[in-house]
Amino acid sequence: GAGVSQSPSNKVTEKGKDVELRCDPISGHTALYWYRQRLGQGLEFLIYFQGNSAPDKSGLPSDRFSAERTGESVSTLTIQRTQQEDSAVYLCASSLAVDYGYTFGSGTRLTVV
Amino acid sequence: GQNIDQPTEMTATEGAIVQINCTYQTSGFNGLFWYQQHAGEAPTFLSYNVLDGLEEKGRFSSFLSRSKGYSYLLLKELQMKDSASYLCAVRDWGKLQFGAGTQVVVTP
């Protein structure tokens, strides 16, 4: 596609439920990144994919967080048993390769109530 | 540890110049990026430095000194639409590590 597409754009969920966030990168972009941005704060790295392998998942905050990517396409970030501190905007970005700049999606705003 | 520091907020007048400093200490370095982020929107790419020196792109310039772990973003002829958060990011072993961002407020 023309840009990085994320869905849903907004998600309100009850504490304890699981959520899945989806990212469709730009076609042909081999690298895909997930970041979290809490209100008024900077971007916090979560995980990145090169193809469908994840060389660095060091930013995942706990084992409630997981991500996968099929081929060089869609990625899903799953948060199990959501907590209120998970409320944030989750941003996905893709790049042609790890040495190139990122293009960001518009993000998913997650609110845990 | 990883440290990327930039001021929290800067205010400047329309038409003026503002310089946003960024200092970094990271385990790896393979380039420094600046992004602009308007409230409620995704970050957009502004500039990239991998070698020491100044890169100029229209009203925006970015400078890098690798030996000092220092960069700045210079915004000239400020316009109201430049009011945004400016994010400094260091590429560290394949991923970008971001600073907390500098909120620039442009006043008439």
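Within every chain, numbering begins at 1; the chains are lettered A, B, ... in the order of the sequence lines, protein sequences first and strands thereafter. Scope of the values below: all heavy atoms of this structure, side chains included, with no hydrogens, waters or symmetry mates.
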*Relative to chain B, which segment of A/Leu43 carries a heavy atom at a distance below 4.5 Å: side chain, backbone, both, or neither?*
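Answer is both: backbone and side chain atoms of A/Leu43 are under 4.5 Å from chain B.
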
*Heavy-atom distance under 4.5 Å to chain B: side chain of A/Glu44, backbone, both or neither?*
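Neither part; nothing is under 4.5 Å.
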
*Which atoms of B/Ile4 come close to chain A, meaning under 4.5 Å heavy atom to heavy atom: side chain ones, backbone ones, both, or neither?*
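No part of it gets close to chain A.
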
*Could you look at B/Gln103 and say if it's the side chain, the backbone, both or neither that has a heavy atom under 4.5 Å from chain A?*
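Contact with chain A: none, neither part.
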
*Do you see a donor-acceptor pair shorter than 3.5 Å between the side chains of B/Ser85 and B/Gln37?*
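The criterion, which ignores hydrogens and geometry beyond distance, is not satisfied for B/Gln37 and B/Ser85.
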
_Donor-acceptor pair between B/Gln19 and B/Asn21 side chains, under 3.5 angstrom_ =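 The criterion, which ignores hydrogens and geometry beyond distance, is satisfied for B/Asn21 and B/Gln19.
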
_Please report whether the ring centroid of B/Phe29 lies less than 6.0 Å from that of B/Tyr24._
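Under 6.0 Å, so yes.
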
*Could you tell me whether B/Lys95 sits above the aromatic face of A/Phe45, with NZ or CZ closer than 6.0 angstrom to the six-membered ring centre and within 45 degrees of the axis?*
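Yes, B/Lys95 sits over the ring of A/Phe45.
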
